[in-house]
2 protein chains.
Amino acid sequence: MKWTDLDDNWCPVARTLSLVGDRWTLLILRDCFLGLSRFDQFVLSTGATRHLISDRLKRLVEAGILEKQAYSERPKRYEYVLTEKGHEFSPALVAFKDWGKKHLPVRRATQG
Amino acid sequence: MKWTDLDDNWCPVARTLSLVGDRWTLLILRDCFLGLSRFDQFVLSTGATRHLISDRLKRLVEAGILEKQAYSERPKRYEYVLTEKGHEFSPALVAFKDWGKKHLPVRRATQG
DNA sequence: GTTTTAAGTTCCAAATAAGAACTTTGTAAG
DNA sequence: CTTACAAAGTTCTTATTTGGAACTTAAAAC
């Protein structure tokens with residue numbers, strides 16, 4: 001079964017996962033809540049390949065979670081910002097953050 | 001970058017994702033909160049392959065999120081139950097559920 | 001005119017996942 | 001004892017996804 005097949009599952013958790021249920025998508029969303037909005041920022045911050053970031057941003061825009069906005073006309077440059085729908089996803093990330101802070105302490109320093 | 005490399009990331013969200021940040025793991029956890037606990041139940045309920053379920057359960061046990069408990073001695077049979085650490089993950093799933101209910105209405109009926 | 005910056009896309013090798021069949025350990029039925 | 005059944009995995013082969021580096025496009029800066 002492909003994970004996008006979950007999009008019509010009876011369970012709202014499964015439907016949510018069909019959209020954002022992978023590591024990089026959620027990491028991109030985290031970045032958005034931290035104020036990042038540009039392609040290369042996501043690449044640097046997440047450590048994912050450009051290919052993946054490209055694909056996930058497309059998905060998130062299609063889903064109405066992010067919005068592509070021009071921040072420069074010449075050269076044409078776009079950034080990705082959270083929609084209202086996207087903003088309302090914050091409780092999930094906060095829950096992840098709280099759980100991680102409590103149960104997964106860092107063992108050595110890294111830059112992410 | 002491999003996603004398990006996120007386990008020592010400075011960000012608690014990233015660390016959490018390194019453990020549970022994939023579709024099937026989160027679906028298994030949902031099932032646990034719904035009261036399921038056995039291998040074949042997870043296979044049926046999630047629609048994932050036995051291989052995947054096997055792998056993810058192993059990970060979750062190693063991480064101390066689930067506990068393998070014998071429910072029959074002969075034949076030896078085990079079930080998987082949430083630990084305290086696992087139980088404390090519920091706010092994240094509740095957030096997913098709420099978001100899904102609000103933003104992703106079902107289009108046609110399915111069995112999951 | 002060469003370098004730099006931003007936002008992607010393309011290519012190929014490597015890793016992961018899908019799907020079905022098979023294994024193991026034991027119970028119950030004929 | 002031989003067949004059937006059940007639960008919990010494992011194994012196998014094929015398909016899909018991901019990783020990593022290089023390339024593209026468009027304009028500005030040097």
Side-chain angles (χ1 to χ4, degrees), chain A residues 1-7 9 14 17-28 31-32 35-62 66-81 110-112, chain B residues 1-7 9 14 17-28 31-32 35-62 66-81 110-112:
Chain A
M1 190 209 250
K2 284 160 59 189
W3 68 297
T4 44
D5 292 353
L6 292 171
D7 70 343
N9 198 277
L17 289 173
S18 85
L19 254 187
V20 301
D22 88 305
R23 13 198 184 307
W24 307 121
T25 302
L26 288 166
L27 232 37
I28 288 173
D31 281 353
C32 291
L36 304 191
S37 63
R38 300 187 188 172
F39 192 90
D40 280 5
Q41 291 179 322
F42 296 132
V43 172
L44 220 85
S45 166
T46 63
T49 61
R50 311 179 76 72
H51 193 94
L52 262 278
I53 296 294
S54 173
D55 180 81
R56 297 305 194 266
L57 285 174
K58 226 167 266 168
R59 259 195 241 271
L60 286 166
V61 168
E62 266 171 34
L66 294 182
E67 212 165 28
K68 202 171 173 174
Q69 292 182 349
Y71 70 88
S72 153
E73 279 308 318
R74 19 196 36 265
K76 267 278 187 195
R77 291 285 152 77
Y78 298 92
E79 64 184 341
Y80 297 85
V81 300
T110 55
Q111 285 300 319
Chain B
M1 191 209 251
K2 284 160 57 188
W3 69 295
T4 44
D5 292 353
L6 291 171
D7 70 342
N9 200 277
L17 289 173
S18 84
L19 254 188
V20 300
D22 88 303
R23 15 201 181 305
W24 307 122
T25 302
L26 288 165
L27 232 38
I28 288 173
D31 280 353
C32 291
L36 304 192
S37 63
R38 300 187 189 173
F39 192 91
D40 280 6
Q41 291 179 321
F42 296 131
V43 172
L44 219 87
S45 166
T46 63
T49 61
R50 311 179 74 72
H51 193 95
L52 261 277
I53 297 294
S54 173
D55 180 81
R56 297 304 194 266
L57 286 175
K58 225 166 268 169
R59 257 196 243 271
L60 287 167
V61 169
E62 265 170 35
L66 295 183
E67 212 166 27
K68 203 172 173 175
Q69 292 183 348
Y71 70 88
S72 151
E73 278 308 318
R74 19 198 38 264
K76 267 279 189 196
R77 289 288 152 73
Y78 297 93
E79 64 184 342
Y80 297 85
V81 301
T110 54
Q111 283 302 319

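In what follows, chains are A, B, ... by sequence order, proteins preceding strands, each numbered from 1. As the structure is a prediction and not an experimental result, all values here were calculated from the model.
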Quiz item: Base, sugar-phosphate alone, or nothing: which one does Phe42(B) contact when heavy atoms must sit under 4.0 Å apart?
Solution: nothing
Practice problem: Specify the separation, in whole Å, of atom CD1 of Ile53(A) and atom C1' of dT9(C). | Solution: 15 Å
Practice problem: Could you walk me through whether Asn9(B) and Ser18(B) pass the side chain to side chain contact (heavy atoms under 4.5 Å, CB included) test, one step at a time? | Solution: CA-CA 9 Å; Asn9(B) 200 277; Ser18(B) 84; over 6 Å; no
Quiz item: Using a cut-off of less than 4.0 Å, is there contact between a side-chain N or O of Lys58(B) and OP1 or OP2 of dA8(D)?
Solution: no
Quiz item: Over how many whole Å does the gap from Gln41(B) atom CD to dG9(D) atom C1' extend?
Solution: 15 Å
Quiz item: What integer distance in Å separates Leu6(B):CG from dT18(D):C1'?
Solution: 14 Å
Quiz item: To the nearest Å, how far apart are Asp40(A) CG and dT25(D) C1'?
Solution: 14 Å
Without placing hydrogens or testing angles, list every side-chain donor-acceptor pair under 3.5 Å for residues 48-55 of chain B, not counting sequence neighbours.
residue: Thr49(B); atom: OG1; partner: Leu52(B); partner atom: N; Å: 3.3
residue: Arg50(B); atom: NH2; partner: Asp40(B); partner atom: OD1; Å: 2.8
residue: Asp55(B); atom: OD2; partner: Arg59(B); partner atom: NH2; Å: 3.2

Exercise. Establish, with yes or no, whether the OP1 or OP2 oxygen of dA8(D) is under 4.0 angstrom from a side-chain nitrogen or oxygen of Tyr71(B).
Key: yes
Quiz item: Partners of Arg23(B) by side chain to side chain donor-acceptor pair (under 3.5 Å), sequence neighbours excluded?
Solution: none
Quiz item: Quick one: OH on Tyr80(B) to CG on Leu57(B), what's the gap to the nearest 0.5 Å?
Solution: 5.0 Å
Self-check item: Qualifying residues under salt bridge (Lys or Arg N to Asp or Glu O under 4.0 Å), relative to Asp31(B), sequence neighbours excluded
Solution: none
Practice problem: Could you run through nucleotides 10-23 of chain C and give me one letter per nucleotide, 5' to 3': B if any protein heavy atom sits under 4.0 Å from the base, S if only the sugar-phosphate is that close, - if neither? | Solution: BB-----SBB-B--
Quiz item: Looking at five pairs on each end of the helix from dG1(C)-dC30(D) to dG30(C)-dC1(D), what is the angle between the two axes, given to 10 degrees?
Solution: 10°
Quiz item: Reckon Tyr80(B) has a side-chain N or O less than 4.0 Å from the OP1 or OP2 of dG9(D)?
Solution: yes
Quiz item: Regarding Arg38(B) and the six-membered ring of Tyr71(B), is the cationic atom NZ or CZ under 6.0 Å from the ring centre and inside 45° of its axis?
Solution: yes
Quiz item: How far does CG of Leu17(B) sit from CG of Asp22(A), to the nearest 0.5 angstrom?
Solution: 9.0 Å
Quiz prompt | Residue pair Leu60(B) / Val20(B): nearest heavy atoms and the distance that separates them | solution = CD2-CG1, 4.3 Å
Quiz item: Any side-chain N or O of Ser54(B) under 4.0 Å from OP1/OP2 of dG9(D)?
Solution: no
Self-check item: Under the side chain to side chain donor-acceptor pair (under 3.5 Å) test, residues paired with Ser37(B) that sit two or more places apart
Solution: Glu79(B)
Practice problem: Grab the OH-C1' distance between Tyr78(A) and dT9(C) for me, whole Å please. | Solution: 17 Å
Quiz item: What string of B, S and - do you get for nucleotides 24-30 of chain C, 5' to 3', if B is base contact, S is sugar-phosphate-only contact and - is no contact with any protein heavy atom under 4.0 Å?
Solution: -BSS---
Self-check item: Closest contact, heavy atoms only, Phe42(A) versus Ile28(A)
Solution: CE2-O, 4.0 Å
Practice problem: Using a 4.5 Å cut-off on heavy atoms from C-beta on, say whether the side chain of Leu27(B) contacts that of Leu6(A). | Solution: yes
Practice problem: Can you sort out the partners of Lys76(A) under side chain to side chain donor-acceptor pair (under 3.5 Å), two or more places apart, ordered by chain and number? | Solution: Glu73(A)
Quiz prompt | Rounded distance (Å) that lies between atom C1' of dA6(C) and atom CD of Glu79(A) | solution = 12 Å
Quiz item: Rounding to a whole Å, what distance do you find between Arg38(B):CZ and dA8(D):C1'?
Solution: 11 Å
